[in-house]
Amino acid sequence: MDMLRRMAMGVFDIARKNIEEKIKTHIDDLDIRNIDSIDVLEPKIGEVVRDNQHKRYMVVREKTDSQQGLLVGLDIVKERWYHCLTYCPYSRTVSAEGGCRLETESVSRTDGMANTLKIKNLDEHLRRNPESVGGCPAPIHEFPVFDLVKRHSKNTYIPAIDELYDVFRNPEIQSRFRNAVVYRSNVTLLENATFKIWSSTDNDNNRKLFGEEAFSLLMNSDQSVIVQSARKDEILCVVLFKRY
């Protein structure tokens, strides 16, 4: 019995090592201090790299002569797309509202970098040109999702809805992404869960919703994905994209 137990344990150890090696192959930190080194190392889809700010990304599209490479961030956070703070001098209270009927030009379904730049410019404009209503102090506009981009290196952006959909509708990419997030960040939420990810695309399909809602991607536990509209003051997951 002892010999059989030792043999069984030996087989188990070999299987475990094979699994660990397979995971390591899929989630291998190439330790890229400078993102420019990617051109030399040429990482493959599913591998994990990091930039000079030690932010980790997974390769989801390899760079070729005809297209840019694409990375997906693994530092998952939750934030609101947009909200504004208003002060009522009569009740002396501050309230946080959702859309505030703020219509933006961030409506591209395919170019998240362009959307992100438009929100950046809008944010700067609103801060430079505050508008008060009825004698009340001007509202404070906040774009928490887009503020995250400021903490990362260049070419980082909030993806447009079609970019999100095209990447995560691939079951293999989605599975590797979930595993990499759990492996690197210990975020068990993503392992087998259903969750939503913000896109940078404002919802201008419905005039009643424009200004109040933006598009998000629902990622189901069975790895199916659905495009949905969500109120901008909802707290959803944020995944950054980066071109190289």
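Note that the numbering runs from 1 along the sequence shown for the chain. Hydrogens, waters and symmetry mates play no part in the numbers below; they use all other heavy atoms, side chains included. None of these values were measured; they are calculated from a predicted model.
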Measure across [X] and [Y] and return the closest heavy-atom pair with its distance rounded to 0.1 Å.
X      : Y      : value
Ser200 : Gly112 : OG-CA, 3.6 Å
Glu163 : Tyr157 : OE2-OH, 2.9 Å
Val239 : Gly73  : CG1-O, 3.7 Å
Asn170 : Glu172 : OD1-N, 2.9 Å
Glu79  : Trp198 : O-NE1, 3.1 Å
Ser216 : Ala230 : OG-CB, 4.0 Å

Under a 4.0 Å N-O cut-off, is there an ion pair linking Lys150 with Asp147?
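Yes.
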
N-O pairing of Lys242 and Asp75 below 4.0 Å
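No, Lys242 and Asp75 are not salt-bridged.
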
Walk me through whether Phe146 and Trp81 qualify under side chain to side chain contact (heavy atoms under 4.5 Å, CB included).
CA-CA 7 Å; Phe146 298 90; Trp81 202 96; 3.6 Å; yes

Flag the pair [X] / [Y] as yes when at least one side-chain heavy-atom distance between them is below 4.5 Å, and no otherwise.
X      : Y      : answer
Val59  : Tyr244 : yes
Leu122 : Glu105 : no
Tyr82  : His141 : yes
Leu217 : Val227 : yes
Leu164 : Phe241 : yes

Is the side chain of [X] donor-acceptor paired with the backbone N or O of [Y] at a distance under 3.5 Å, no angle test?
X      : Y      : answer
Ser199 : Phe215 : yes
Gln223 : Gln174 : no
Arg50  : Arg56  : no
Thr201 : Ile161 : yes
Glu142 : His83  : no
Asn220 : Asp222 : no
Asp123 : Ile119 : no
Gln67  : Glu62  : yes

[X] [atom1] to [Y] [atom2] distance, which is reported to the nearest 0.5 Å:
X      : Y      : atom1 : atom2 : result
Leu74  : Arg178 : CG    : CZ    : 13.5 Å
Glu234 : Ser229 : CD    : OG    : 9.0 Å
Gln68  : Asn155 : CD    : CG    : 7.0 Å
Asp202 : Arg109 : CG    : CZ    : 12.0 Å
Arg243 : Lys154 : CZ    : NZ    : 14.0 Å
Glu212 : Lys232 : CD    : NZ    : 7.5 Å

Indicate, with yes or no, if [Y] and [X] share a hydrophobic cluster defined by side-chain heavy-atom contacts under 4.5 Å among Ile, Leu, Val, Met, Phe, Trp and Tyr.
X      : Y      : value
Ile76  : Leu218 : no
Ile45  : Val225 : yes
Leu117 : Val238 : no

When you look at Leu70 and Val167, which way does the side chain to side chain contact (heavy atoms under 4.5 Å, CB included) test go after all the steps?
CA-CA 10 Å; Leu70 184 63; Val167 166; 4.0 Å; yes

Assess whether side chain to side chain contact (heavy atoms under 4.5 Å, CB included) is satisfied between Thr104 and Lys118, documenting all intermediate values.
CA-CA 8 Å; Thr104 77; Lys118 288 179 178 178; over 6 Å; no

Apply side chain to side chain contact (heavy atoms under 4.5 Å, CB included) to the pair Asp166 and Thr110, showing each step before the final yes or no.
CA-CA 10 Å; Asp166 288 343; Thr110 58; over 6 Å; no

State which residues pass salt bridge (Lys or Arg N to Asp or Glu O under 4.0 Å) with Arg61; sequence neighbours excluded, sorted by chain then number.
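Testing Arg61 for salt bridge (Lys or Arg N to Asp or Glu O under 4.0 Å), a comparison that skips the adjacent residues, returns none.
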
